[in-house]
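All remarks here apply to the structure that follows.
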Amino acid sequence: MTVGSPTVTSQAEISTKYRGLRYTCLDTILTRGRETYHLPTTPCKAGIMAIHHFPACWDGKNLDSPDHQSHMFNTVRGGFAVADPCPASHPVRMPQVAYETMWDTTEFNDKELWPEDGSQPFVWSTGDTKGYSTHADYLFGWKGDSLQRAMDADCFFRECGEDWTGSDKPGVRVLKVQSAEEKAACQIPLTVHEDIDGCELTPECFFPGRFLSDVC
């Protein structure tokens, strides 16, 4: 299942076809709300969070489709609100899936580095300066019956890994949660070797992915 497209170039398209794709300008890493369809237009104290809300309605027949999207239908409203009812074409309600990517952009919060025309300086590798081309994939990777247990417990976020008093067995943890160190230790060999660490830039040539000036 995928959501979004690297070819989207307008807010009109993303706000109708892919309305679950948003950005949040972080005051802290816990900031939620104030979502926009475009990249933030002011420096963000704790970076930028890209949010991908996946479709929550399934056609009930196909496990996939040629475009990896048509077998699903998106009725999400963003802001982690409950999705609207499913249409007759996709009548099966699925668990709402969302994930967040936090980008540490604090190194570039100096307004002297920002364009003088009031626009923001960040550019996706698609050449997109607005943020409309963000997209994401979801592959099912839950171990055993862990997803079903979380759904049955109706727990949310960190609650699922804590002593969940909402369960029929108070004090029982619904899911095992890994520490940050355990997560960092989980790695797979690189299959694409690409130089992604650091960057070389000047005020005229701000980010890789698109030349913003003839000087570059």
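The basis for the numbers below is simple: all heavy atoms, side chains too, and nothing from hydrogens, waters or symmetry mates. Just so it is clear, the structure is predicted and the values come from calculations on it, not from any experiment.
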| task | Any chance you could lay out the side chain to side chain contact (heavy atoms under 4.5 Å, CB included) test for Arg149 and Asp152, step after step, and finish with the verdict? | result | CA-CA 5 Å; Arg149 285 189 281 114; Asp152 291 344; 5.6 Å; no
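- Remark: Thr28 engages Leu30, Thr31 in a side-chain contact (heavy atoms from CB on, under 4.5 Å) (not counting sequence neighbours).
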Apply side chain to side chain contact (heavy atoms under 4.5 Å, CB included) to residues Leu26 and Ile48 and explain how you reach the verdict. CA-CA 6 Å; Leu26 299 173; Ile48 296 172; over 6 Å; no
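- In this structure, the side chains of Asp59 and Phe73 stay at 4.5 Å or more apart for every pair of heavy atoms.
- The closest side-chain heavy-atom distance from His38 to Tyr132 is below 4.5 Å.
- Aromatic rings from Tyr99 and Tyr138 are positioned such that their centres are separated by 6.0 Å or more.
- The closest side-chain heavy-atom distance from Ile51 to Thr24 is below 4.5 Å.
- Side-chain contact between Met1 and Pro55 is present, with at least one heavy-atom pair separated by less than 4.5 Å.
- Taking SG of Cys86 as the start and CE of Met94 as the end, the distance is 9.5 Å to the nearest 0.5 Å.
- Under a 3.5 Å cut-off, the side chain of Arg22 and the backbone N or O of Glu35 do not form any donor-acceptor pair.
- Atom CD1 of Ile29 has 12 or fewer neighbouring heavy atoms from other residues, nucleotides or ligands inside a 6.0 Å radius.
- Here side chain to side chain donor-acceptor pair (under 3.5 Å) pairs that include residues 40-49, with residues two or more places apart or in two chains, number zero.
- Of all the heavy atoms in Ser119 and Asp117, the pair that sits closest is OG-OD1, 2.6 Å.
- Distance alone, capped at 3.5 Å, places no donor-acceptor pair between the Glu100 side chain and the Ala50 backbone.
- Considering CE of Met72 and CG of Asp64, their distance stands at 10.5 Å, rounded to 0.5 Å.
- Heavy-atom neighbours of Lys111 NZ from other residues, nucleotides or ligands within 6.0 Å: above the threshold of 12.
- Taking the side chain as every heavy atom from C-beta outward, Asp27 and Arg34 approach each other to under 4.5 Å.
- For Asn62 and Ser65, the side-chain atoms include no donor-acceptor pair closer than 3.5 Å.
- Distance NE2/His90 to NE2/His71: 8.5 Å, rounded to 0.5 Å.
- For the 3.5 Å distance criterion, the side chains of Glu13 and Tyr37 fail to qualify, holding no donor opposite an acceptor.
- Within a 6.0 Å radius of CD in Glu182, more than 12 heavy atoms belonging to other residues, nucleotides or ligands are found.
- Between Phe122 and Leu39, the shortest heavy-atom contact is O-CD1, 3.9 Å.
- One side chain, Thr134 or His52, offers a donor N or O that lies under 3.5 Å from an acceptor on the other.
- No continuous path of hydrophobic side-chain contacts links Tyr18 to Val76 [ILVMFWY only; heavy atoms under 4.5 Å].
- Between the Glu107 side chain and the Asp104 main chain, no donor and acceptor come within less than 3.5 Å of each other.
- Between Thr16 and Ala12 the shortest heavy-atom distance is OG1-O, 2.8 Å.
- Although no hydrogens or angles enter the test, the distance criterion places a donor-acceptor pair under 3.5 Å between the side chain of Asp67 and the main chain of Ser70.
- Considering OG1 of Thr9 and CD1 of Ile14, their distance stands at 10.5 Å, rounded to 0.5 Å.
- Here the side chains of Trp103 and Tyr23 are not in contact, with every heavy-atom distance at 4.5 Å or above.
- Taking the side chain as every heavy atom from C-beta outward, His53 and Leu21 never approach each other to under 4.5 Å.
- How far CD of Gln120 is from SG of Cys44: 9.5 Å, rounded to the nearest 0.5 Å.
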_Trace of the side chain to side chain contact (heavy atoms under 4.5 Å, CB included) decision for Met49 with Thr101_ = CA-CA 5 Å; Met49 181 169 67; Thr101 306; over 6 Å; no
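- We find the CH2-NE2 distance between Trp124 and His135 to be 9.0 Å, quoted to the nearest 0.5 Å.
- Counted by atom type alone, Ser133 and Thr126 present one or more donor-acceptor pairs between their side chains at under 3.5 Å.
- Side chains of Leu175 and Trp142 form a contact here, defined as non-hydrogen atoms less than 4.5 Å apart.
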